[in-house]
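The basis for the numbers below is simple: all heavy atoms, side chains too, and nothing from hydrogens, waters or symmetry mates. Note that the coordinates shown come from a computational prediction; the quantities given were computed from them, not determined experimentally. Position 1 is the first residue of the sequence; numbering continues from there.
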Amino acid sequence: MSTVELTADNFDQTVTDNEFVLIDFWASWCGPCRQFAPVFEKASEKHGDIAFTKVDTEAEQQLAAAFNIRSIPTLAVIRDKTLIYSQPGALPEAALEDLIRQAREVDMDEVRKAAAAQEAEQA
């Protein structure tokens, strides 16, 4: 599956339609972003069940702000409409594959329980 340009217009639909979304926040002037792009693209070809998306932080400043992006590239993982990972830095291929493996292994029932407990605490 090739990567999809994620925008404010298609964000909700993309997250709703896909159980697992990987987001690469990048900009055309960013050297590390350009170095990471082929690694991200290659992973997208291996994992057809994951929506690989890219956010151009220059064009989509509101979306970047919503994710509190301060450094690029930043990689974010959304599973079941829940952000489970967001970290700046270009990853080598092996590290990206390991991140995908770990994200697949996350028990989303536990994540939802923890989120509900935290919300109850704050209420």
Side-chain angles (χ1 to χ4, degrees):
M1 174 188 266
S2 62
T3 58
V4 173
E5 192 66 34
L6 199 58
T7 66
D9 292 337
N10 69 2
F11 178 83
D12 288 339
Q13 190 69 48
T14 301
V15 170
T16 299
D17 290 351
N18 297 280
E19 180 183 316
F20 196 141
V21 180
L22 226 58
I23 308 171
D24 173 21
F25 290 90
W26 70 285
S28 60
W29 51 262
C30 167
C33 297
R34 289 194 308 271
Q35 290 175 321
F36 179 61
V39 173
F40 192 74
E41 192 66 38
K42 186 175 179 183
S44 77
E45 293 165 8
K46 284 187 193 174
H47 302 279
D49 61 321
I50 300 173
F52 281 76
T53 65
K54 295 176 86 61
V55 173
D56 180 343
T57 57
E58 294 292 310
E60 294 295 328
Q61 293 181 10
Q62 270 188 304
L63 202 48
F67 277 82
N68 202 26
I69 301 302
R70 300 278 179 247
S71 178
I72 54 173
T74 290
L75 192 62
V77 177
I78 297 176
R79 285 227 9 236
D80 298 340
K81 302 181 194 114
T82 303
L83 180 67
I84 63 169
Y85 176 89
S86 181
Q87 196 75 36
L91 297 177
E93 184 178 350
L96 179 57
E97 288 297 326
D98 190 50
L99 173 63
I100 291 169
R101 180 191 57 75
Q102 289 181 51
R104 285 186 191 281
E105 293 173 356
V106 169
D107 183 340
M108 291 308 294
D109 289 334
E110 287 299 318
V111 170
R112 283 187 282 278
K113 280 183 199 171
Q118 190 174 19
E119 281 181 29
E121 246 178 56
Q122 293 172 351

[X] versus [Y], closest heavy-atom pair with distance:
X: Phe20; Y: Val77; value: CE2-CG1, 3.7 Å
X: Ala27; Y: Ile72; value: CB-CD1, 3.5 Å
X: Ala8; Y: Leu63; value: N-CD2, 4.0 Å
X: Val21; Y: Thr14; value: CG2-O, 4.1 Å
X: Leu6; Y: Glu60; value: O-CG, 3.9 Å
X: Ala90; Y: Pro73; value: N-CG, 3.7 Å

TODO: For side chain to side chain contact (heavy atoms under 4.5 Å, CB included), just list the numbers for Thr57 and Trp26, CA-CA rounded to whole Å, side-chain angles, deciding distance to a tenth of an Å, and then say yes or no.
DONE: CA-CA 6 Å; Thr57 57; Trp26 70 285; over 6 Å; no

Task: Phe67 and Phe25 aromatic ring geometry - parallel, tilted or perpendicular at 30°/60° bounds - done: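 If you compare the ring of Phe25 with that of Phe67, the planes turn out tilted.
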
Open item on the list: Any carboxylate oxygen within less than 4.0 angstrom of a Lys/Arg side-chain nitrogen, looking at Lys42 and Glu45?
Closed with: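 No, this pair does not count.
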
TODO: State whether Glu105 and Arg101 are salt-bridged, where the test is any N-O pair (Lys NZ or Arg NE/NH1/NH2 against Asp/Glu carboxylate O) under 4.0 Å.
DONE: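 Between Arg101 and Glu105 there is a salt bridge, with a charged N closer than 4.0 Å to a carboxylate O.
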
So, taking the atom named [atom1] in [X] and the one named [atom2] in [Y], what distance separates them when rounded to the nearest 0.5 Å?
X: Asp107; Y: Arg112; atom1: CG; atom2: CZ; result: 8.0 Å
X: Lys46; Y: Leu96; atom1: NZ; atom2: CG; result: 8.5 Å
X: Thr16; Y: Lys81; atom1: OG1; atom2: NZ; result: 5.5 Å
X: Cys33; Y: Lys54; atom1: SG; atom2: NZ; result: 7.5 Å
X: Ile84; Y: Met108; atom1: CD1; atom2: CE; result: 5.5 Å
X: Asp12; Y: Asp17; atom1: CG; atom2: CG; result: 10.5 Å

Spell out, yes or no, whether [X] and [Y] are grouped together once hydrophobic residues are joined by side-chain heavy atoms under 4.5 Å, including indirect joins.
X: Tyr85; Y: Ile78; value: no
X: Leu83; Y: Val15; value: yes
X: Trp29; Y: Phe36; value: no
X: Ile69; Y: Val55; value: yes

- [ ] Let me see the working for Thr53 and Phe11 under side chain to side chain contact (heavy atoms under 4.5 Å, CB included), right down to the final yes or no.
- [x] CA-CA 10 Å; Thr53 65; Phe11 178 83; over 6 Å; no

Side-chain ([X]) to main-chain ([Y]) donor-acceptor, under 3.5 angstrom:
X: Asn10; Y: Glu5; result: yes
X: Ser44; Y: Glu41; result: yes
X: Arg79; Y: Val106; result: yes

Open item on the list: Pair Glu19, Asp49 - check side chain to side chain contact (heavy atoms under 4.5 Å, CB included), show working.
Closed with: CA-CA 9 Å; Glu19 180 183 316; Asp49 61 321; over 6 Å; no

Open item on the list: Apply side chain to side chain contact (heavy atoms under 4.5 Å, CB included) to residues Leu91 and Val39 and explain how you reach the verdict.
Closed with: CA-CA 8 Å; Leu91 297 177; Val39 173; 5.9 Å; no

